[in-house]
Each structure stands twice: as structure tokens, then as C-alpha cells.
Amino acid sequence: MKPALDSTQGRPRKKCSLSVVKNVAEFCKSTSFHGLKYITEEKRHWIERTLWTLMCAMGLVGAVVLINKVWTQYSTSPTITSIESTHYPIWNIPFPAVTICQVNKVHLSAAEALYRDEFSEILDEKEYWAFVSQMAEIIQPEGVDMFQMDMVHIHAVLKNRSFDVESLMRQLTQPCSSLLIKCKWRGEVTDCGSLFTMHKTDAGFCCSFNYNPPGASTGKNDVPLRVNGAGYLTGLSMLIDPRLEDYYAALFSFYGIQVLVHANQDYPEISARGILLSPRKEAFLQVSAASTYSTKEVRDLSRQQRQCLFEDEQSLGNSSDSTRPIHGGYSYSNCLVQCRVEHMDRLCQCAPYFYPTGNNTRLCGLTDVGCLADHRRVFNNLRSPNFVPGLDDNDNAMECNCHPTCTDVTYSTEISESTFFKSEYDQTNFFKEVLITNHSILHVYFKDLSVLRFRRDVIYSWNDLLASFGGIVGLTLGSSLLSFVEILYFFTVRPACTLLRRDAVEPFKVIQGPKKSLIQPPYDWVF
């Protein structure tokens, strides 16, 4: 048995434990954290100590919960959009792009000329007209059995004449010079050919004004046009002739045109937002706009936090992080279009002629219509969240995770119209010397002199976040930043200084004499 040795070895451990307990007790007595001093204060009943221990624990838990809630909000939804001004001048934003689409997709006069010049010696007339009458179906294919002909043979004929579907439909579409008879821009009669050009839309080839498609440099439309006033006299006016006598293959069972007002670089999606204008109507399309910009503090956030892209970030991404560049330009709408093109290319190894494509994407021919029809549900549906009641397209949809731009302009419209005819009381000269039959007039203009201006800003900056944390800790624990410094002091700096002070005193011995005490070092002093 060696009790002496065990007792000797246990003394330092016991002494260390007592020292820690002493530091804790002294910390609780001196700290600025509320309630801790009542736990270790002398002559306190155990009920009081238990009560204050529970209260301090509840305060600590409450602080952790509230801080976590603030941090989660900062991490997931750190931005807020608010109205900065209701009187932002319209001349600070571009005039919108205006796209005019003919409902009739096969212009009879153009089809007759094409047959006479290109296909009269190759195709039977009946076969040609049966084929041409179904060309509108390529835009919205519903089934491979829609073509009552040998598509392989027709495809070979087109290829032999150096035609693809895009070049064929461009020639069959009513030209802009025939659709738009007369134009006014900002009150001045202007040649329609200098204002409108033919572009691709999801409804085929259409005529667009002030539209600069991504990746295209047309020179005149590089800088979007603007106006400095409101009302139809400061906007765009068009005299339109839908040529009802030349209808041959239409998308819908009505006469007229479709009009879309959209942002200057956004791909025109007529099928989603197009407005119908019937023949013999004069319509006033009033445009309202809203401008949004983001502050510099928003840029400091990650793209996952702010959920938007700045201009210098829009050409850096790829499909994996949802910043798909469409050959030089990015917008939320264009990203969705590019996503659809990518899925078409993946499923059918091609894309329809009316979508913007790169050099690496093959244009769909007649033999690809069946594949597009079979997957039309996929191309029309975005990826929807799981477990949403009423939605069953989760496994039969695209996956497009696109972000809007941090700075953009959106347009909304209101339309009013009345019957149009050439009245003897009309003193205007806009349609003078024009034989009015089934024509229509459309005026597109800003409704007001000012628009809404939105600002996207952060909810919490680092200063706000620190102030929120401080307020929560002060409310639940009654402490401040120095209170946490006290923790470090009592359990690191103070024990270390005590240990250093004790080590500095140990080399000296206290010698007791009959008359005095002196401190004597264990070695001789040398002077």
C-alpha cells in the first residue's frame, strides 16, 4: 500500500480544480452578464440559485435562437426592393421594342412567286400547295401525322434547291414593307423600312422596331431610341395592312396581327404576351414602365444570395450556374429561351428555325417535326417544385434556373381601340392617298412623363447585422461586447498572469529571524 504517493499526486489536480471553481465564482460575481452573480453569491438559498440558473439558460437559448433567425434571413433573403421615386423621367429609360406579327404565316402572293421561280419544275402543284398550307404547323407542332405527304421527299427537294426551313419561311412571310404602309416616329412621317426589320420570334418571322437582338449589330439599333414626352404624338404610329386577300396558312382562326411591347434585348415571346389587333381598328397602346437598379452593397453579396446578375457578370456564366449567355447578351427572358433551345438540342439534336441558335446547333428540318411534337410538353413547362398540389409535370419539364438582371426595365401596356374608317371629317394626312380597305392604325406611346423607380438594397449591412446581434444579446443577457472580453480575461489572461506572478515569487525564500524577516535569494548577490 502506498497512500502517501497517491495523496501527493492528487494534490495538484485538486488544487487546479479549486482554482477553476474560484475563477468561475469570481467571474460570476464580477461580470456584467445579468443574473450570474445570484448563482454564486453567498448565503443564497438553493431555490434562488436554481431559479437564476434557469433564467440565465433561457436567456442564452433565446439569444441563440434569435441570432440564428437573423442570420438565416441575412443569408437567404438579404435584399429588399423598395420604391425610390414615383417621378423618374421617361427620357432616362429606353423606348420599348415593338414587334408586329402577322397571324397569317404563308403570304399567298409570296408562295405563288416561290413556286413559279423555284419549285414548278420539281414539285407537282397540288403537292406543293398541300405542303405550304401546313408550314404554319411547324411553329406549334402537335403530331408527326399532321403532314399528309412524304416529308423525306420534300426535305430532299428543299435541300436540292439550297433551302432550309428558315430560308423558306423567310420568303413565305409577308414582308415588313408590305405589312407596314406608313409610319410616324415622334410626330414625323418616317420610312417604315428604316424603323422596322424582320426578326425571329416564337411566332415565326415578325417585324420589330427598336429591337437589338443579343449578338446582332445592326448599327442603327445599337443604342435604343428614347423619347422626351408622353402621348401618341411623341411615340410610334403605324398604318398596317394585314392583306386579308393573301391569307393561306394562319396560326389561329381569326384575322389580324399580334403586337408585343418588350425590352430592347428580350427575345419576343408573342405567344405569351402578344396583344391582338383586328382589321379596321385604330388602337392606342399606352405604355407604363418601371426601372429597377441595385446599390453597391448588393454587389458585395454572392450571386446565390442576391439572386440577380450585374452587367459585367452576364457573360461569365454557363449552364451550371444559370448565367447562359445568348451569343453576347443576357436577360432573364433570354436565359429561359436559351434553356429551351438547349433542351431541344439535347432531345432532338436540333432547334426550330425561329429560335436564336449558335453555329453548333442544327436547325430542325421537316423530318425533325415529329420529335418536337413528341416533346412539346417538355419545352412548354419549366421545372416546377416538388409536391405542389395540382402539378404533375415534375418529371416531364425543363430545368431552367435563371436569374433576373440586377438592373432592368419592365414595360406594361393598356390598350383602347375603336372602329377605323376613312372619314370625311378627318383632317389628318397620315393615310392620305392610301386606299383604306382592311387597314388598321396602331399608336404606341408612353402614358406618363414619369415612371416608377425601384431600388434593390440589402436588408442588413455588416453594421446592421452587428447592431442586431448586439441588441439581441443585450435584451436576453443584458451584456455588451466587453462582457465577452471579460470571459476571455477571466479564463485566459487572468490565470496566466496569476501563474506568472507566482513563478516570479518562488525563487525567493522568506527567512525568519529573531528580530526581522528578509527575502533571500538562493544564490549570492554580486555587486
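Note that the structure is a prediction, hence the values are computed from the model and not measured.
- Looking at residues two or more places apart in sequence or on another chain, you find a salt bridge (charged side-chain N to carboxylate O under 4.0 Å, His left out) between K447 and E414.
- F95 and F209 have perpendicular rings, their planes meeting at more than 60° on a 0 to 90° scale where under 30° would count as parallel.
- Between L172 and K105 there is no side-chain heavy-atom pair separated by less than 4.5 Å.
- Nearest heavy atoms, I257 versus L276: O-CD1, 3.3 Å.
- Take R346 and apply the salt bridge (charged side-chain N to carboxylate O under 4.0 Å, His left out) test, not counting sequence neighbours, and it matches no residue.
- At distances below 3.5 Å, at least one donor-acceptor pair connects side-chain atoms of N264 with backbone N or O atoms of N210.
- Residues satisfying the ring-ring contact (aromatic ring centres under 6.0 Å, His included) criterion with Y247, sequence neighbours excluded, are Y255.
- Neither side chain, H107 nor Q171, offers a donor N or O lying under 3.5 Å from an acceptor on the other.
- Remark: the backbone N or O of V341 is not paired with any side-chain donor or acceptor of H343 at under 3.5 angstrom.
- Looking at residues two or more places apart in sequence or on another chain, you find no ring-ring contact (aromatic ring centres under 6.0 Å, His included) involving Y293.
- For the two cysteine residues C101 and C206, the thiol sulfurs sit under 2.5 Å apart.
- The number of heavy-atom neighbours closer than 6.0 Å to CZ of F163, taken from other residues, nucleotides and ligands shown, is above 12.
- Looking only at distances, no side-chain donor or acceptor of Q258 sits under 3.5 Å from a matching main-chain atom of Q102.
- Residues P279 and G256 approach most closely at CD-CA, 3.9 Å, considering heavy atoms.
- In this structure, the side chains of T99 and C207 stay at 4.5 Å or more apart for every pair of heavy atoms.
- In summary, the aromatic rings of Y211 and H199 are positioned with their centroids under 6.0 Å apart.
- For residues 227-299, no pair satisfies disulfide (SG to SG under 2.5 Å), with sequence neighbours left out.
- Considering only heavy atoms from C-beta on, M238 comes within 4.5 Å of V444 through its side chain.
- Panel note: side chain T292, backbone R453; no donor-acceptor pair is recorded below 3.5 Å.
- The main-chain N or O of R170 is never found under 3.5 Å from a side-chain atom of T173 such that the two would form a donor-acceptor pair.
- Summarising the geometry of A111 relative to V106, their closest heavy-atom pair is CB-CG1, 4.0 Å, with the distance given to 0.1 Å.
- Between R280 and H439, the closest side-chain pair of non-hydrogen atoms is not below 4.5 Å.
- A donor and an acceptor atom, one from each side chain of D191 and S194, are nowhere located under 3.5 Å apart.
- Salt-bridge formation is detected for the pair R362/D368: a Lys NZ or Arg NE/NH1/NH2 atom is positioned less than 4.0 Å from an Asp or Glu carboxylate oxygen.
- Within the structure, the disulfide (SG to SG under 2.5 Å) test picks out no pair touching residues 260-304 (sequence neighbours left out).
- Every residue was checked against the salt bridge (charged side-chain N to carboxylate O under 4.0 Å, His left out) condition with D266, not counting sequence neighbours, and none meets it.
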Exercise for review: List the steps and the verdict of side chain to side chain donor-acceptor pair (under 3.5 Å) for Q286 and H443.
Suggested key: CA-CA 8 Å; Q286 303 171 342; H443 307 279; over 6 Å; no
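- Disulfide status for C371 with C350: absent, SG atoms not under 2.5 Å apart.
- With sequence neighbours left out, E118 forms a salt bridge (charged side-chain N to carboxylate O under 4.0 Å, His left out) with R161.
- Rounded to the nearest 0.5 Å, atoms OG (S85) and CG (N92) are 10.0 Å apart.
- Residue pairs meeting the ring pair (Phe, Tyr, Trp, His ring centres under 6.0 Å) criterion with at least one partner in residues 350-370, sequence neighbours excluded, are F205-Y353, Y267-Y355.
- Sulfur-sulfur distance for C400 and C335: not below 2.5 Å, with no disulfide indicated.
- For the disulfide (SG to SG under 2.5 Å) condition, the pairs that include at least one residue of residues 251-312, sequence neighbours left out, are C308-C406.
- Smallest separation of non-hydrogen atoms from P96 and F446: CD-CZ, 3.9 Å.
- Between the side chain of R299 and the main chain of K296, no donor-acceptor pair closer than 3.5 Å is present.
- Residues A289 and I93 share a closest heavy-atom pair of CB-CD1, 3.4 Å.
- Counted by atom type alone, T79 and R306 present zero donor-acceptor pairs between their side chains at under 3.5 Å.
- In this structure the side chain of L158 reaches within 4.5 angstrom of the side chain of L168, judged on heavy atoms.
- Taking the six-membered ring where the residue is Trp, F254 and F252 present parallel rings, their angle staying beneath 30° rather than reaching 60°.
- For R226, there are no side-chain hydrogen bond (donor to acceptor under 3.5 Å, both in side chains) partners at least two apart in sequence or on another chain.
- Distance alone, capped at 3.5 Å, places no donor-acceptor pair between the D164 side chain and the L363 backbone.
- Side-chain N or O atoms of T361 include none that pairs as donor or acceptor with a backbone N or O of T357 at under 3.5 Å.
- Looking at heavy atoms from C-beta onward, F284 lies out of side-chain contact with E417 at the 4.5 angstrom threshold.
- Contact between I90 and S450 at its shortest, heavy atoms only, is CG2-N, 3.8 Å.
- In this structure the side chain of L285 reaches within 4.5 angstrom of the side chain of L442, judged on heavy atoms.
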Review point. Between V132 and Y248, does a side chain to side chain contact (heavy atoms under 4.5 Å, CB included) hold up when you go through it step by step?
Key: CA-CA 9 Å; V132 168; Y248 192 75; 4.2 Å; yes
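- Within the structure, every pair that satisfies the salt bridge (charged side-chain N to carboxylate O under 4.0 Å, His left out) test and touches residues 243-258, not counting sequence neighbours, is listed here: D241-R243, R243-D246.
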